[in-house]
Every structure is written in structure tokens, then in C-alpha cells.
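Here is the structure we will look at, set down as C-alpha cells.
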Amino acid sequence: MNVEIVDRKILSDDLQPLTSELRELASREDVNLIITTGGTGLGPRDNTPEATSQVLEREAPGISEAIRAESLRHTPMGMISRGVAGICSGTLIINLPGSPKAVRESFQVISPILNHSIDLISGNTTHSGSQ
Amino acid sequence: MNVEIVDRKILSDDLQPLTSELRELASREDVNLIITTGGTGLGPRDNTPEATSQVLEREAPGISEAIRAESLRHTPMGMISRGVAGICSGTLIINLPGSPKAVRESFQVISPILNHSIDLISGNTTHSGSQ
Amino acid sequence: MNVEIVDRKILSDDLQPLTSELRELASREDVNLIITTGGTGLGPRDNTPEATSQVLEREAPGISEAIRAESLRHTPMGMISRGVAGICSGTLIINLPGSPKAVRESFQVISPILNHSIDLISGNTTHSGSQ
């Protein structure tokens with residue numbers, strides 16, 4: 001993948017600031033992919049899915065399903081990750097779980113689709129395979 | 001399966017016309033199943049899931065999950081198909097991906113449940129198995 | 001699991017009473033888990049997912065995905081179960097299918113995560129694994 005990491009931030013745990021921060025990042029011209037880690041569990045401060053859902057214009061539930069299906073192969077706890085994925089302002093946003101091990105496993109799941117997904121979102125409509 | 005194909009249409013790519021066309025088809029007395037193909041990807045003109053969600057009175061997420069899980073066995077790109085499924089006006093609507101190969105694979109996934117599903121929707125409440 | 005069953009009720013099939021009953025059960029101090037069985041199919045009286053969605057403050061889609069994925073290993077009819085899961089008033093609510101066989105299979109899927117999930121919801125934020 002030919003990627004440039006243009007920012008790396010610790011975002012708020014609180015719903016409203018987190019929502020605003022995600023919307024602002026997604027609207028930046030130089031950002032076409034946001035990967036969040038953590039905040040997807042069942043705890044009172046796990047607001048990442050709710051904040052992300054609020055900014056998404058289109059959902060891509062299959063991405064989160066695939067992440068959880070892989071996670072479930074390692075631990076039943078994978079089913080309680082509530083991450084969502086989708087598109088906001090032409091930017092693909094994907095919630096990953098928080099533990100370093102789960103992030104590595106999840107990133108392996110999504111890495112094959114990132115380049116093609118970003119091309120599609122930007123209007124490169126060459127079809128390939130089964131989307 | 002004992003089916004009669006009563007219509008076969010190229011629908012609009014645009015959200016509002018597509019929504020209206022789906023609602024109209026679903027409301028027809030002689031239609032109890034609508035299968036869409038295509039428009040489920042990440043491109044700007046992929047409006048099928050949004051149009052379908054707008055007309056659904058009840059979602060049946062497991063149908064789309066099963067389609068994607070099968071698709072993922074063939075290609076990681078299966079995870080970016082955003083299809084939804086559910087019920088509108090007593091009609092089962094299922095979004096399939098667009099490529100002929102993906103349509104064939106997906107249809108094999110859903111074909112065992114179509115007859116029983118349509119019976120259930122119409123109020124034939126004989127229970128069988130695990131719904 | 002160290003559990004006490006504080007109530008066991010036959011709830012209404014109708015959407016509004018069912019919604020109220022779920023909300024009332026979830027708000028009780030002595031209830032931190034509600035497991036429903038049945039009403040998740042495609043029939044006109046299958047209102048459990050809609051009632052549950054109305055009371056959920058946070059969804060936990062991975063729980064229902066895992067239940068259906070297991071169910072699909074036994075029968076394609078598993079894909080038409082429309083159950084949802086999530087949190088209302090600090091209580092975890094999980095919809096299971098209705099047949100005794102499907103309930104047993106589904107409960108085996110969720111039993112490993114129940115204790116830890118309830119701890120997390122109550123604010124016990126010790127992280128373990130991949131949520």
C-alpha cells in the first residue's frame with residue numbers, strides 16, 4: 001500500500017467531542033481513511049461506534065462483520081466489539097478494537113480492501129470482483 | 001422453487017427514483033420477492049442499500065450477513081458489499097452484489113430460505129427450525 | 001456463571017406492550033441481563049427485534065452476528081432470524097430465536113461472554129482480550 005499517515009491523534013472518549021473530531025478529520029482534503037482503535041466495547045465510556053455512526057453518510061457493515069468474524073476465531077470476546085464502518089465526506093472510517101493484538105488481527109482483515117475501497121469512494125468506478 | 005418472474009427492470013442509480021421504484025414494486029399484489037443486483041458498493045452512485053433501507057419496515061440482517069460471509073470465502077472484496085435485506089409491504093427485498101459471479105454465489109446462499117421466508121411473511125406461521 | 005433468575009415472563013407479541021415491558025425490565029435495579037426467546041422471525045407477529053431496537057441505547061451487533069453464524073452451521077434458516085442485542089439502562093438485552101434447539105445452540109454461543117459483558121457494562125473497565 002502506498003499510504004501517507006497525515007495525522008495520528010488521541011481522540012476524546014466523550015461522545016460529542018469525539019463526533020466533532022471525527023467529522024473534522026473526515027472533511028480534510030488530505031484524509032481519505034480514518035482508522036480508530038478502541039472505544040468499541042461495552043463500557044460506559046466506549047462511545048466510538050455511536051460517534052462514528054453519527055458522522056457516517058453510508059454504512060459498510062460487511063467490514064465490521066469481517067473484523068468480528070476473524071476476531072471470533074481467536075476469542076468469543078470478539079463478539080462484544082461494537083465497531084462500525086462506512087463513509088463520511090468521501091473518507092472511509094473503520095473502527096478497530098483496542099487491544100494491540102486485536103488491532104493487528106483486525107488490520108490484517110481490512111488491509112486487502114483499503115486501496116480498492118478508497119479508489120471506489122473517490123469515484124473510480126472500475127468494477128472488480130464482488131462489490 | 002415454484003416462482004413466476006413478473007417483472008425484471010433496470011432501476012435508477014439515483015436515490016430518490018430508486019426508492020420510489022422499490023416501494024412501488026413492493027406494494028404490488030403480485031410481487032412477494034424483490035432481488036436487486038448491483039449498486040451495493042462504495043462508489044458515489046451505489047445507492048441501493050440506502051434506497052432499500054428507506055423502504056424496509058423490518059430488517060433481516062442475517063440474510064445480508066450470510067451473503068457476505070459466503071462472498072468472503074471467495075474474495076476479501078466481499079466485505080465491501082453493503083447490501084441489506086428485509087420486508088416492505090409484505091415483500092421480501094434482498095440486495096445482491098453486481099458482478100455475475102457474485103450474483104450466482106449469493107443466490108445459492110439465499111435460495112434455500114426463499115420459499116419458507118415468503119410463507120412466513122404472508123402469515124403462514126408454521127415454525128420450522130431456528131428462526 | 002453465578003446468576004440468579006429474578007424473573008421469567010411471557011411477554012406480549014405486540015410491539016408497543018413488548019417495548020414497554022422490555023424497558024421496564026431493563027430499568028429494574030436487580031436485572032442486568034435480559035434474554036428473550038422467539039419473535040425474531042419473518043412473521044407479522046415477530047416484533048421482538050423492533051421492540052428491542054426501540055429500547056436499546058447502544059447496539060452490540062456482533063452478538064447477534066455470532067448467534068446467526070453458529071445457527072447457519074446447522075441450517076440455512078438461521079439467516080432469517082432477525083435478533084438484535086445491546087444495552088438499555090445498564091442491562092444487556094439479547095434476542096435468541098424461538099425453537100428449543102436454536103435456543104440451546106445460541107445460548108452456548110453467548111454464555112462465554114455474559115459475565116465479562118455485564119462487568120464491562122457496569123463500569124468495570126478492566127480490559128481483557130479484544131473488545
Side-chain angles (χ1 to χ4, degrees), chain B residues 1 26 32-35 52-53 56-73 78-79 82-96 105-131, chain C residues 13-15 18-19 36-54 56 59-86 94-110:
Chain B
M1 270 188 296
N32 53 18
L33 174 66
I34 298 172
I35 294 180
T52 306
S53 290
L56 291 183
E57 293 140 14
R58 290 161 180 240
E59 295 177 25
I63 296 175
S64 306
E65 289 164 18
I67 291 170
R68 281 189 286 263
E70 173 61 20
S71 181
L72 265 187
R73 297 178 56 229
M79 79 181 78
R82 307 186 303 111
V84 300
I87 304 169
C88 169
S89 301
T91 295
L92 180 60
I93 309 181
I94 301 175
N95 297 156
L96 300 190
E105 291 165 5
S106 303
F107 190 76
Q108 285 203 316
V109 171
I110 61 170
S111 64
I113 61 103
L114 294 178
N115 270 338
H116 185 53
S117 296
I118 289 164
D119 281 350
L120 289 169
I121 292 170
S122 70
N124 174 341
T125 55
T126 310
H127 282 174
S128 83
S130 60
Q131 69 279 10
Chain C
D13 273 350
D14 297 323
L15 183 62
L18 178 52
T19 304
T36 69
T37 64
T40 59
L42 294 170
R45 296 172 64 78
D46 286 319
N47 289 311
T48 306
E50 282 67 34
T52 306
S53 290
Q54 281 192 24
L56 292 184
E59 295 177 24
I63 296 175
S64 306
E65 289 164 18
I67 291 170
R68 282 189 285 263
E70 173 62 21
S71 182
L72 265 187
R73 296 179 57 227
H74 301 275
T75 167
M77 295 303 162
M79 81 181 77
I80 64 179
S81 184
R82 307 185 303 110
V84 298
I94 301 175
N95 297 156
L96 300 189
S99 84
K101 180 172 178 296
V103 169
R104 276 192 299 272
E105 290 165 5
S106 302
F107 191 76
Q108 285 203 315
V109 171
I110 61 170

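Owing to the predicted nature of the structure, the values given are computational and were not obtained by experimental measurement.
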Is chain C contacted by the side chain of B:Ala69, its backbone, both, or neither, given a heavy-atom distance below 4.5 Å?
neither
Based on non-hydrogen pairs under 4.5 Å, which of C:Ser53, C:Pro76, C:Pro61 is most in contact with chain B?
C:Pro76
Is it the backbone or the side chain of B:Glu65 that comes under 4.5 Å from a heavy atom of chain C, or both, or neither?
side chain
Rounded to the nearest 0.5 Å, what separates atom CG in B:Leu92 from atom CG in C:Leu42?
6.5 Å
Would you say the side chain of C:Ile80 lies within less than 4.5 Å of the side chain of B:His116, judging by non-hydrogen atoms?
yes
If you take all heavy atoms of C:Leu72 and B:Ala66, which pair is closest and at what distance?
CD1-CB, 3.6 Å
Tell me, which pairs form a salt bridge (charged side-chain N to carboxylate O under 4.0 Å, His left out) where one or both residues lie in residues 69-79 of chain C, sequence neighbours left out?
C:Glu70-C:Arg73
Output all residues satisfying salt bridge (Lys or Arg N to Asp or Glu O under 4.0 Å) with C:Asp14, sequence neighbours left out; order by chain, then residue number.
none
When C:Glu50 is tested against each of B:Glu57, B:Arg58, B:Glu59 for side-chain contact (heavy atoms from CB on, under 4.5 Å), which residue passes?
B:Arg58
Taken to the nearest 0.5 Å, the spacing of B:Ile110 CD1 from C:Met79 CE works out to 8.0 Å
B:Ile87, part contacting chain C, at a heavy-atom distance under 4.5 Å
side chain
Pair count under 4.5 Å, heavy atoms only, with chain C: among B:Ile121, B:Ile118, B:Ile113, highest is B:Ile113
